[in-house]
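Structure, as structure tokens:
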Amino acid sequence: MIFFLAGTSDARELAVTLQQDGYPVIASVVTENAANELKQVGVPAFAGRMDAEAMQAFIGEKEAAAVVDASHPFAEEASKNAMVAASQAGIPYVRFERKEQDFQESSLITYVSTYEEAADRAAKTKGTVMLTTGSKTLAIFTERLLPIEDIRLVCRMLPRKDNMEKCEQLGLPQKNIVAIQGPFTKKFDQALYEQYDVACMVTKASGQRGSVDQKIEAAKELGIETIVIERPSIDYPNRCSSFEEVRDMLRKFKIKRGHGDGF
């Protein structure tokens with residue numbers, strides 16, 4: 001059985017692919033919605049954050065033969081916990097991460113290393129700043145940008161109850177929340193930017209499947225400044241960027257196929 005960390009749409013596809021290849025998979029995700037989506041395509045899944053100790057205990061309980069980490073590129077803590085758990089359990093760790101998109105150099109695009117740098121850069125803008133980085137680090141931006149009179153902070157995020165509650169707690173007005181789930185087309189993004197008269201867009205370098213390319217290209221065509229937060233620098237062992245590479249890695253470690261105990 002493979003202990004699988006899922007955090008993106010292509011991670012879901014990879015989990016299905018591995019099961020079709022004969023590798024039993026049990027997936028760990030953050031939300032119940034994500035767990036339900038995996039279950040709907042036949043992948044056993046459960047929701048909830050786990051530290052390294054909990055992961056190691058789960059690996060032992062299920063007798064997992066390997067860990068495949070397909071968590072979100074910015075889920076740094078989850079990946080580090082998975083690496084530690086795999087090492088302590090004495091099983092292989094394999095990282096799947098979609099390739100980061102390369103964009104032509106543009107005076108409209110600024111790359112930063114941290115959320116704090118992004119907030120400071122956005123604070124130099126006048127007008128509407130659209131945040132598309134989710135709710136996890138929202139407080140960094142509300143604390144820095146809400147007090148500035150010349151800035152309207154608009155946040156685009158998943159339409160989840162906890163996200164709306166967090167916005168309320170942080171003082172973000174309801175009219176400045178775009179609660180919607182993608183993926184989106186470039187035309188949709190452009191319409192959204194125009195609707196809110198966006199002067200600056202903040203995003204993360206998540207990769208093509210995260211629609212980052214669409215968001216940035218849409219902003220460039222409208223002359224909108226874009227701040228891109230680069231991925232955390234993590235030294236992943238056994239890093240793969242395609243499904244075939246993951247398969248090759250599992251074959252290299254001689255992970256056996258067959259029926260697992262599931263739940």
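In this chain, residues are counted from 1 in sequence order. Worth saying up front: this structure is predicted, and the values here are computed from it rather than measured. The analysis underlying the following values was restricted to heavy atoms, covering all of them including side chains, and did not include hydrogens, waters or symmetry mates.
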TODO: Compare all side-chain heavy atoms of N81 with those of S79 and state whether any distance is below 4.5 angstrom.
DONE: no

Task: Approximate separation, where rounding is to 0.5 Å, of M50 CE and E77 CD - done: 13.0 Å

Task: A47 to V30 - nearest heavy-atom pair and separation - done: CB-O, 3.9 Å

TODO: Give a yes or no on whether E165 atom CD has more than 12 heavy-atom contacts from other residues, nucleotides or ligands under 6.0 Å away.
DONE: yes

Task: Heavy atoms from other residues, nucleotides or ligands near NZ of K256 exceed 12 (cutoff 6.0 Å) - done: no

TODO: Spell out, yes or no, whether V178 and L158 are grouped together once hydrophobic residues are joined by side-chain heavy atoms under 4.5 Å, including indirect joins.
DONE: no

Open item on the list: Assigning hydrophobic clusters by single linkage (Ile, Leu, Val, Met, Phe, Trp, Tyr; side-chain heavy-atom cutoff under 4.5 Å), is I255 placed with F243?
Closed with: yes

- [ ] Enter the distance from D120:CG to F141:CZ here, rounded to the nearest 0.5 Å.
- [x] 9.5 Å

Task: Non-hydrogen side-chain atoms of T8 and P73 separated by less than 4.5 Å - done: yes

- [ ] Would you name the heavy atoms of A52 and A85 that are closest together and state the gap between them?
- [x] O-CB, 3.6 Å

- [ ] Ignoring hydrogens and angles, tell me if any N or O in the side chain of T114 forms a donor-acceptor pair with the backbone of E117 under 3.5 Å.
- [x] yes

Task: Under 3.5 Å: donor-acceptor pair, side chain of T133, backbone of K204 - done: no

Open item on the list: Quick check: closest heavy atoms across E230 and S113, and the distance to 0.1 Å?
Closed with: OE1-OG, 3.9 Å

Task: Whether R156 side chain and M130 backbone form a donor-acceptor pair below 3.5 Å - done: no

Open item on the list: Please verify the inter-ring angle class for F58 with F46; under 30° counts as parallel, over 60° as perpendicular, anything in between as tilted.
Closed with: tilted

Open item on the list: Nearest 0.5 Å, please: how far is CZ in F3 from CD in E61?
Closed with: 11.0 Å

Open item on the list: Within this structure, what is the OG-CG distance for the pair S135 and N163, rounded to the nearest 0.5 Å?
Closed with: 3.5 Å

Open item on the list: Between E116 and R144, does any side-chain N to carboxylate O distance fall below 4.0 Å?
Closed with: no

Open item on the list: Quick one, I229 and F74 - any side-chain contact, counting heavy atoms below 4.5 Å?
Closed with: yes

Task: Donor-acceptor pair, side chain of E76 and main chain of P232, under 3.5 angstrom - done: no

Open item on the list: Looking only at side-chain N and O atoms, does E245 offer a donor or acceptor that is under 3.5 Å from a partner on S242?
Closed with: yes

Open item on the list: Would a single hydrophobic cluster contain both I151 and V112, if residues Ile, Leu, Val, Met, Phe, Trp and Tyr are joined by side-chain heavy-atom contacts under 4.5 Å?
Closed with: yes

Task: Heavy-atom side-chain contact between Y193 and F188 under 4.5 Å - done: no

Open item on the list: Is there a side chain to side chain contact (heavy atoms under 4.5 Å, CB included) between R152 and D197? Walk through the geometry before answering.
Closed with: CA-CA 10 Å; R152 178 190 182 188; D197 194 20; over 6 Å; no

Open item on the list: Could you walk me through whether E37 and V29 satisfy the side chain to side chain contact (heavy atoms under 4.5 Å, CB included) test, starting with their C-alpha distance in whole Å, then the side-chain angles of each, then the deciding distance to 0.1 Å, before giving a yes or no?
Closed with: CA-CA 10 Å; E37 288 182 352; V29 295; over 6 Å; no

TODO: Is it possible for you to say whether I140 and L170 belong to one hydrophobic cluster, with membership spreading through side-chain heavy-atom contacts below 4.5 Å?
DONE: yes

Open item on the list: For residues I148 and I227: do they belong to one hydrophobic cluster (side chain heavy atoms under 4.5 Å, members Ile, Leu, Val, Met, Phe, Trp, Tyr)?
Closed with: yes

Task: R49 atom CZ: more than 12 heavy-atom contacts under 6.0 Å - done: no

Open item on the list: Does any part of the side chain of T203, heavy atoms only, come nearer than 4.5 Å to the side chain of T226, both counted from C-beta?
Closed with: yes

TODO: Without swapping roles, check the side chain of N176 against the backbone of L172 for a donor-acceptor pair under 3.5 Å.
DONE: no

Task: Pairing of E244 and R251 as salt bridge, 4.0 angstrom limit - done: yes

Task: Nearest-0.5 Å distance, OG of residue S87 to CD of residue Q56 - done: 9.0 Å

Task: Contact check, side chains of L138 and M157, non-hydrogen atoms, under 4.5 Å - done: yes

TODO: Please say whether more than 12 non-hydrogen atoms of neighbouring residues, nucleotides or ligands are located less than 6.0 Å from CD in E143.
DONE: no

Open item on the list: Closer than 3.5 angstrom, by distance alone: can the side chain of K215 be matched with the main-chain N or O of F184 as a donor-acceptor pair?
Closed with: no

Task: Heavy-atom side-chain contact between L108 and I224 under 4.5 Å - done: no

TODO: Look at the rings of Y93 and Y236 and say which category their plane angle falls in: under 30° parallel, 30 to 60° tilted, over 60° perpendicular.
DONE: parallel

Task: Given I26, V67, V68, the one that forms side chain to side chain contact (heavy atoms under 4.5 Å, CB included) with I2 - done: V68

- [ ] Check whether the side chains of N33 and R160 place a donor and an acceptor atom closer than 3.5 Å, and report yes or no.
- [x] no

Open item on the list: Looking at E221, I want to see if its CD is surrounded by more than 12 non-hydrogen atoms of other residues, nucleotides or ligands under 6.0 Å.
Closed with: yes

Open item on the list: With side chain to side chain donor-acceptor pair (under 3.5 Å) as the test, pick out the partner of D69 among R95, R239, K80.
Closed with: R95

Task: Heavy atoms from other residues, nucleotides or ligands near CD of Q174 exceed 12 (cutoff 6.0 Å) - done: no

- [ ] Apply side chain to side chain contact (heavy atoms under 4.5 Å, CB included) to V41 and R12, showing your working.
- [x] CA-CA 9 Å; V41 293; R12 182 170 62 249; 4.3 Å; yes

TODO: Go through the steps for S9 and E13 under the test side chain to side chain donor-acceptor pair (under 3.5 Å), then give the verdict.
DONE: CA-CA 7 Å; S9 58; E13 292 175 24; 5.4 Å; no

Open item on the list: So V202 and T132, do their side chains get closer than 4.5 Å, heavy atoms only?
Closed with: no

